Amino acid sequence: MSVPPQAFVNKNKKHFLGIPAPLGYVAGVGRGATGFTTRSDIGPARDANDVSDDRHAPPAAKRKKPEEEDDDEDLNDSNYDEFSGYSGSLFSKDPYDKDDAEADAIYESIDKRMDEKRKEYREKRLKEDLERYRQERPKIQQQFSDLKRELKSVSEDEWSAIPEVGDARNRKQRNPRAEKFTPLPDSVLSRNLGGESSSSIDPGSGLASMMPGVMTPGMLTPSGDLDLRKIGQARNTLMTVKLSQVSDSVTGQTVVDPKGYLTDLQSMIPTYGGDINDIKKARLLLKSVRETNPNHPPAWIASARLEEVTGKVQSARNLIMKGCEVNPSSEELWLEAARLQPRDTARAVIAHAARNLPHSVRIWVKAADLEQEVKAKRRVYRKALEHIPNSVRLWKAAVELENPEDARILLSRAVECCPTSVELWLALARLETYENARKVLNKARENIPTDRQIWVTAAKLEEAHGNTHMVEKIIDRAITSLSANGVEINREHWFKEAMEAEKSGAVHTCQAIIRAVIGHGIEPEDQKHTWMEDAEACANEGAYECARAVYGYALSVFPSKKSIWLRAAYLEKQHGTRASLEALLQRAVAHCPKSEVLWLMGAKSKWMAGDVPAARGILSLAFQANPNSEEIWLAAVKLESENREYDRARRLLSKARASAPTPRVMIKSAKLEWALNNLDVALTLLEEAIRVFGDYAKLHMMKGQIEEQMNNDEEARNTYSQGLKKCATSVAMWILQSRLEEKLKNVTKARSVLEKARLRNPKNPELWLESVRLERRNGSAEIANALMAKALQECPNAGRLWAEAIFMESRPQRKTKSVDALKKCEHDAYVLLAVSQLFWTERKINKCREWFNRTVKIDPDLGDAWAYFYKFELLHGTEQQQEEVKTRCKTAEPHHGEAWCKVSKEIGNWCLSTEQILLLVANNLPVPT
């Protein structure tokens with residue numbers, strides 16, 4: 001052991017002092033020191049780890065050597081097993097070498113392999129034992145699980161009817177009667193205290209000292225009788241005097257109102273509903289923050305607001321004013337102090353704030369807000385502008401209070417002080433005359449060369465004074481100047497400027513902006529697509545002039561694109577005038593003469609305006625550009641037939657059959673003769689057409705309908721049969737044949753026709769619907785319900801089937817069925833129409849109208865929806881609402897719908913307009929029940 005160097009310096013100091021004790025050292029053990037036990041101790045006094053004292057220890061038993069222990073192995077026959085041998089190891093004495101380790105590893109791997117084989121069986125058995133144990137001894141939680149599951153069916157009333165847990169104590173313990181103390185009146189005390197009829201207290205008795213305010217006779221207490229009634233009167237007099245003193249204080253502030261004292265107490269109840277302990281904690285925390293850092297304004301503001309929330313407004317005011325004294329340069333503190341004070345006091349506070357912070361805009365604005373008269377507000381703002389002449393906010397607020405002439409003078413000074421404020425320049429330009437406004441805008445451009453609004457305002461100014469030729473130049477110069485000054489030309493921002501210009505009436509400016517920026521930053525291959533999106537976005541925003549400008553520019557770049565011409569024409573048709581539409585279409589057909597749609601739109605526009613000769617002229621030009629065009633032939637025929645020029649129509653159709661013999665031309669020829677009641681001629685034309693176009697289903701159907709009209713039912717049946725051989729997928733023809741059989745009282749045959757049709761055309765909702773209706777018409781409601789169930793399984797998303805199924809249910813079940821229908825077909829017009837009718841039957845007028853609007857919006861081509869909507873408005877709406885529905889229907893021009901087609905396809909109604917058909921269909925429709 002090394003000796004520390006300090007030991008050589010001090011000879012008297014032992015060398016082992018200050019060194020940690022060696023391992024296992026116990027003090028005093030060398031000289032035989034041991035611990036001892038006293039009566040107060042439990043157990044030995046020394047630690048269990050102490051070194052034992054061999055002198056006092058009992059003699060230890062003689063232990064065998066390890067070698068002897070190994071020799072004494074139990075080789076008795078009772079310890080021998082036939083399979084595993086002795087329980088001990090016979091070869092434990094032998095050395096454990098490499099072969100033994102290898103053998104143990106092999107046996108261990110075999111045991112592991114066998115254990116894996118038995119693992120699945122063992123786990124399965126363990127699981128079965130565990131399940132059996134849990135079944136025999138279930139937990140209390142499992143015993144009540146079925147009852148818990150049944151709780152979900154308990155209603156709210158049943159739950160509230162469950163009695164509370166009873167109290168096991170008896171009634172007296174449960175409902176202890178509170179002790180009642182009834183104070184005795186003074187008269188009883190005065191009568192009974194002194195004996196028979198004494199009305200005073202004996203001062204010598206000890207009772208007098210028990211009463212407050214009454215003292216026993218002594219050095220300063222006068223002796224004599226004391227009247228209790230006088231004590232009560234004196235007490236009331238004393239309270240009155242105190243209240244009078246408080247209410248008539250020297251400062252003149254009434255602290256307590258003697259008449260409304262209790263009422264004032266009610267108003268002192270704090271409005272804060274939180275925990276009072278939270279308020280106390282918050283107060284302590286905020287006080288700590290204020291004392292730690294008194295120059296931290298948010299701490300003062302938070303403290304004041306806490307007091308305000310708890311109803312102590314005066315404390316809040318005192319705190320915030322103290323904060324203002326500590327932090328006189330804090331704008332937030334002064335504004336908060338002004339908010340907490342009443343108006344008159346707030347004016348004094350804000351005046352003090354303005355003296356401390358004369359360059360704070362918010363304080364001056366607050367000071368102006370606290371003034372009630374306009375004259376005082378102006379004075380405040382002018383004083384503020386003396387201190388802060390470059391504040392745009394103050395200039396704007398001051399200008400708003402002035403009349404136009406004074407505002408112009410103020411603004412002229414404002415733009416000198418704030419030359420970079422665009423708003424001030426533009427406001428001054430609006431108030432100036434035309435010449436001065438131009439000068440103002442030129443100065444503004446010099447001071448702010450990077451702002452586009454000044455250029456746009458200049459363009460609007462020129463347009464407002466009729467200088468439309470200058471508008472284009474100004475916008476072009478704006479783009480050039482801004483680009484030169486490093487301003488990015490953002491198309492979206494310029495488009496917004498164009499829309500704003502259109503809303504303000506500056507049409508030329510908006511068009512000039514569009515033409516200037518529409519091609520900026522667009523790749524040539526993306527131009528058409530991008531411009532169409534721009535036009536649609538403008539139209540959706542209601543900026544139709546911007547959309548026209550976009551289409552105009554696009555057509556100047558792509559003059560031969562039919563799609564752009566069509567989009568522009570639809571825009572004019574919806575939002576333009578007839579003259580603008582016709583002018584556009586004239587330009588369109590000049591550039592796209594092969595486009596039949598454009599020719600037909602032009603002819604229809606003229607025809608709708610009543611100018612039939614002009615429509616004929618357009619169609620003749622269309623014939624020249626598109627010889628043998630089926631669409632133009634049929635449009636010319638329709639024009640003549642609608643205007644009752646039947647001979648002209650016949651001649652046109654005969655020419656069309658000779659030059660362009662198409663199925664549609666043949667159908668129109670036969671329909672014209674059918675409408676004019678020339679049935680034989682119509683049949684001849686149809687037979688001729690069937691020989692050429694035998695696979696065209698409409699020819700067979702028309703022939704069969706004409707034969708039915710002539711009462712040739714057998715020939716009609718043959719016609720349908722022959723047609724179905726060639727057109728087996730024509731659903732309408734299958735339905736016509738079925739109805740013919742039903743008309744001839746062959747219900748079974750009609751049913752078989754529909755079954756055959758469903759086999760040929762699987763998953764067709766119209767055929768299923770006709771089968772269901774056939775059964776209902778013949779009184780087989782159960783069969784109809786079964787068929788409807790099958791139909792909904794085969795066609796789960798068929799709206800027509802769901803609509804029919806809703807009204808096949810009883811009234812209480814219809815709502816549930818309608819919910820199922822909406823889940824399957826949320827956006828199907830037939831389902832929405834059925835739900836609208838359902839609301840109609842329940843007399844929910846507003847909801848019904850809302851759902852009708854939703855229906856016609858989803859599918860405006862469904863005539864049945866328009867007819868039901870119009871019928872609903874006839875019964876429950878105003879004349880204005882009826883006219884609105886009629887106008888919207890005429891615009892939509894519907895062509896489909898079962899009830900609608902039944903009227904419109906009637907040969908006698910072939911010349912009726914949309915409005916006339918609407919009136920007829922609505923008149924024939926039943927009110928839903």
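What you are looking at is a predicted structure, and each value in this text was computed from that prediction instead of being measured. The figures here come from the full heavy-atom set of this structure, side chains too, leaving out hydrogens, waters and symmetry mates.
Between Tyr553 and Trp531, a ring centre-to-centre spacing shorter than 6.0 Å is recorded. Ring-centre distance between Phe852 and Phe872: below the 6.0 Å cut-off.
At least one side-chain heavy atom of Arg760 sits under 4.5 Å from a side-chain heavy atom of Trp734. Between Leu918 and Trp900, the closest side-chain pair of non-hydrogen atoms falls below 4.5 Å. Here the side chains of Arg567 and Glu536 are in contact, with some heavy-atom distance below 4.5 Å.
With respect to the salt-bridge test (charged N to carboxylate O, under 4.0 angstrom), the residues Glu770 and Arg777 qualify. Looking at Glu804 and Arg773, a side-chain N of the basic residue comes within less than 4.0 Å of a carboxylate O on the acidic one, giving a salt bridge.
Inspection of the Glu572 and Ser580 side chains reveals an N or O donor paired with an N or O acceptor under 3.5 Å. Ser669 and Arg657 share a donor-acceptor pair across their side chains, judged by distance under 3.5 Å alone. Side-chain contact, Asn712 with Arg717: no donor N or O sits under 3.5 Å from an acceptor N or O. Judged by distance alone, the side chains of Glu707 and Thr719 do bring a donor and an acceptor atom under 3.5 Å apart. Inspection of the Gln709 and Trp674 side chains reveals an N or O donor paired with an N or O acceptor under 3.5 Å. Lys847 and Ser836 share no side-chain donor-acceptor pair at under 3.5 Å.
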>> Does Lys743 form a side chain to side chain contact (heavy atoms under 4.5 Å, CB included) with Glu708? I'd like the steps, not just the answer.
In response: CA-CA 11 Å; Lys743 187 177 78 169; Glu708 279 189 61; 3.3 Å; yes

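Smallest separation of non-hydrogen atoms from Cys848 and Trp840: SG-CB, 3.8 Å.
For residues 575-597, the set of pairs meeting the ring-ring contact (aromatic ring centres under 6.0 Å, His included) definition, not counting sequence neighbours, comprises Tyr544-His575, Trp565-His591.
In this structure, Lys871 contributes its side chain and Leu925 its backbone to a donor-acceptor pair below 3.5 Å.
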